[in-house]
2 protein chains.
Amino acid sequence: MRISEQAKQDNRIRILEKAVDIFTTKGFDATTTRDIALAAGLATGTLFNYFPSKETLAMTMVTEAFRQGREDFQRRRTGDEDLAEELFLFIASGLRRLRPLRTFLGPVLERSLSPFPRKSVCQEGEAARQGHLNAVQGIIAGHGFAEAPDYVAMTMYWSLYLGILAFWANDTSPNQEETQALIDYATRMFVQIISGGGPGKGGADAE
Amino acid sequence: MRISEQAKQDNRIRILEKAVDIFTTKGFDATTTRDIALAAGLATGTLFNYFPSKETLAMTMVTEAFRQGREDFQRRRTGDEDLAEELFLFIASGLRRLRPLRTFLGPVLERSLSPFPRKSVCQEGEAARQGHLNAVQGIIAGHGFAEAPDYVAMTMYWSLYLGILAFWANDTSPNQEETQALIDYATRMFVQIISGGGPGKGGADAE
DNA sequence: GATAATATATGAGCGTGCTCATTTATTTGT
DNA sequence: ACAAATAAATGAGCACGCTCATATATTATC
């Protein structure tokens, strides 16, 4: 059964559109792949010709949002921001594009972006993490740091970023002001660390 | 079918013992509840009389390890440690007890301790998080801080702690030295933040 | 000791996400 | 036109975690 390239694209897009509708209505876990296929006018198995897993289907939306977020960031930055401001802008730009998906993204991001070891890795998630981290390294490099932050620092960055995503997924305040406060705090903190303001071998000055 | 309290305890313990064996051999996800029940000499359904879910079964082991870790911590601390050292000791004590479970804990911790919103919360996980955070607040209070760290600070603490757990689950170096380095870094950093060394409204001194 | 009451064990069965042998529509070859 | 080749659609079916009506073994009552 051959099909035109156009029809294939149509199917793909219809799946994505219907999926976002049902995810939004019933949540990610409560939505079955049968639901989505039915709504798109396809058999269950056909859906998996287009997306290898339910997780990948959802992450496709996330990846696209991230891409748009990066574009927005490039458009919005003036070049006058300091490093913390630029990181804030970068993260906020991503969340802005993710916003329409917010109500159901929790389980998706948790599974796909988690740093915990996984046997079956979701390719989209891997790519999203690498893309994000590379962009961050680029931003840092643009501020004249001699050497890129080490592995430990980037590990902590990703932990903080995931914390922000989790908080954001829960934040129901009108403009997610609390999330903004958290981003502000975390980015400033991270900058301080990689600026060498972080703790040396010496003591932490408690109290 | 009544059963003696002894027989019930025996069943429970046999389930836990067999489960840890099979989890270790095949991993958490690849182990089926049917496997465990069979190994324990019970029917599939019977297992769920003892543990409401596979996740809870695994988290029961984690909770017990955490409890022992807290005991170890109380025994090992001298009272002379500064805050960062004490937090390091607390976290390391927990990981030490978790060590025998390390090879299969990734997926368990990821799902149960994640800060992402969940519809079906695992009670054990909730309790473990609260227990850990309360202990941390207690340690901080013991170092003469006027007021407990705010919500944002504790959110970041939990993010960093999850990052440590994820790193640890991957760390195959003999004594997990890299994890130790990460804990050292993260605890010092956290102390700096709650010590007011964290960023104020003002600028982060980038570059 | 027989009967009733009760607590636990049991495994068929449900709804998942996903697979795969088969069917069906389209294109290519003659 | 017809046949052969091919790519996508299909839905029965699998293994999973988990549920629940039923069977069964123990205890209480007389």
Side-chain angles (χ1 to χ4, degrees), chain A residues 1-16 18-19 22-23 25-60 104 107-108 110-112 118-125, chain B residues 1-16 18-19 22-23 25-60 104 107-108 110-112 118-125:
Chain A
M1 187 190 223
R2 284 196 168 151
I3 233 182
S4 72
E5 205 57 40
Q6 180 61 46
K8 253 169 76 170
Q9 279 304 327
D10 287 353
N11 279 345
R12 190 185 151 88
I13 288 173
R14 213 168 51 256
I15 290 171
L16 285 167
K18 296 300 184 181
I22 312 181
F23 284 156
T25 308
K26 314 207 313 185
F28 179 75
D29 286 329
T31 300
T32 71
T33 53
R34 286 164 177 84
D35 286 340
I36 300 170
L38 183 67
L42 300 167
T44 310
T46 309
L47 186 137
F48 292 91
N49 290 344
Y50 289 86
F51 301 94
S53 71
K54 187 182 167 185
E55 185 182 352
T56 301
L57 168 52
M59 278 305 289
T60 299
F104 67 83
V108 180
E110 172 179 352
R111 287 166 209 175
S112 301
R118 293 245 256 155
K119 62 232 65 183
S120 65
V121 211
C122 170
Q123 210 45 253
E124 314 294 306
Chain B
M1 187 187 221
R2 280 193 170 153
I3 234 182
S4 72
E5 204 57 39
Q6 181 60 47
K8 252 169 76 171
Q9 279 303 327
D10 288 352
N11 280 345
R12 189 186 152 87
I13 287 172
R14 213 169 51 257
I15 291 171
L16 285 167
K18 296 300 184 181
I22 312 180
F23 284 156
T25 308
K26 315 207 312 184
F28 179 75
D29 286 330
T31 301
T32 71
T33 53
R34 286 165 176 84
D35 287 339
I36 301 170
L38 184 67
L42 300 167
T44 311
T46 309
L47 186 137
F48 292 93
N49 290 344
Y50 290 85
F51 301 93
S53 71
K54 187 182 169 186
E55 184 181 351
T56 301
L57 168 52
M59 277 305 288
T60 298
F104 66 85
V108 180
E110 172 180 352
R111 286 167 210 173
S112 300
R118 293 246 257 153
K119 63 231 64 181
S120 66
V121 210
C122 170
Q123 208 47 250
E124 315 294 307

When we call it a touch if two heavy atoms are under 4.0 Å apart, what does [X] touch: a base, just sugar-phosphate, or nothing?
X     : result
B:N11 : sugar-phosphate
A:L47 : nothing
B:T56 : nothing

Output the rounded distance in Å from [atom1] ([X]) to [atom2] ([N]).
X      : N      : atom1 : atom2 : result
B:R111 : D:dG17 : CZ    : P     : 10 Å
B:I36  : C:dG11 : CD1   : C1'   : 17 Å
A:I15  : C:dC18 : CD1   : P     : 13 Å
A:L38  : D:dA9  : CG    : P     : 16 Å
A:D10  : D:dA8  : CG    : P     : 15 Å
A:E5   : D:dT6  : CD    : P     : 18 Å
A:I3   : C:dT23 : CD1   : C1'   : 15 Å
B:K26  : D:dA15 : NZ    : P     : 13 Å

Legend entry - Considering all heavy atoms, the nearest B:A39-B:K18 contact: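 Closest approach of B:A39 to B:K18, heavy atoms only: O-CE, 3.5 Å.
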
Any N/O pairs under 3.5 Å between the protein and nucleotides 27-29 of chain C? List them or say none.
unit_1, atom_1, unit_2, atom_2, d
C:dT27, O4', A:R2, NH1, 3.1

Inset, instruction - Would you mind telling me which of A:T31, A:D35, A:T32 makes a side chain to side chain donor-acceptor pair (under 3.5 Å) with A:K26? - result: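 So the option named by the test is A:D35.
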
Legend entry - A:T60/A:R12 under side-chain contact (heavy atoms from CB on, under 4.5 Å): CA gap, chis, key distance, verdict: CA-CA 11 Å; A:T60 299; A:R12 190 185 151 88; 3.7 Å; yes

Inset, instruction - Kindly state whether the ring of A:F28 and the ring of A:F23 have centres lying under 6.0 angstrom apart. - result: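 Judged by ring-centre distance (under 6.0 Å), A:F28 and A:F23 do meet the cut-off.
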
Legend entry - Short side-chain N/O contact to D:dA9 OP1/OP2 from A:Y50, under 4.0 Å: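 So the side chain of A:Y50 is within the cut-off, an N or O lying under 4.0 Å from OP1 or OP2 of D:dA9.
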
Legend entry - Test item: side-chain donor near acceptor, B:S112 and B:E124, under 3.5 Å: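 Looking only at side-chain atoms, B:E124 and B:S112 do not form any donor-acceptor pair under 3.5 Å.
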
Check: protein-nucleotides 18-22 of chain D nitrogen or oxygen pairs below 3.5 Å:
unit_1, atom_1, unit_2, atom_2, d
D:dC18, OP2, B:K54, N, 2.7
D:dC18, N4, B:R34, NH2, 3.2

Inset, instruction - Report, as yes or no, whether the 6.0 Å neighbourhood of atom NZ on A:K54 holds more than 12 heavy atoms from other residues, nucleotides or ligands. - result: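 Result for NZ/A:K54: enclosed.
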
Legend entry - Criterion side-chain contact (heavy atoms from CB on, under 4.5 Å) on A:I36 and A:L57, from CA distance to verdict: CA-CA 11 Å; A:I36 300 170; A:L57 168 52; 3.9 Å; yes

Inset, instruction - Kindly indicate whether the side chain of A:D29, heavy atoms from C-beta on, has any atom under 4.5 Å from the side chain of A:F104. - result: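 Counting from C-beta outward, A:D29 and A:F104 never come under 4.5 Å.
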
Legend entry - B:R34 side chain to B:T44 backbone, donor-acceptor under 3.5 Å: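 Such a contact is absent between B:R34 side chain and B:T44 backbone.
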
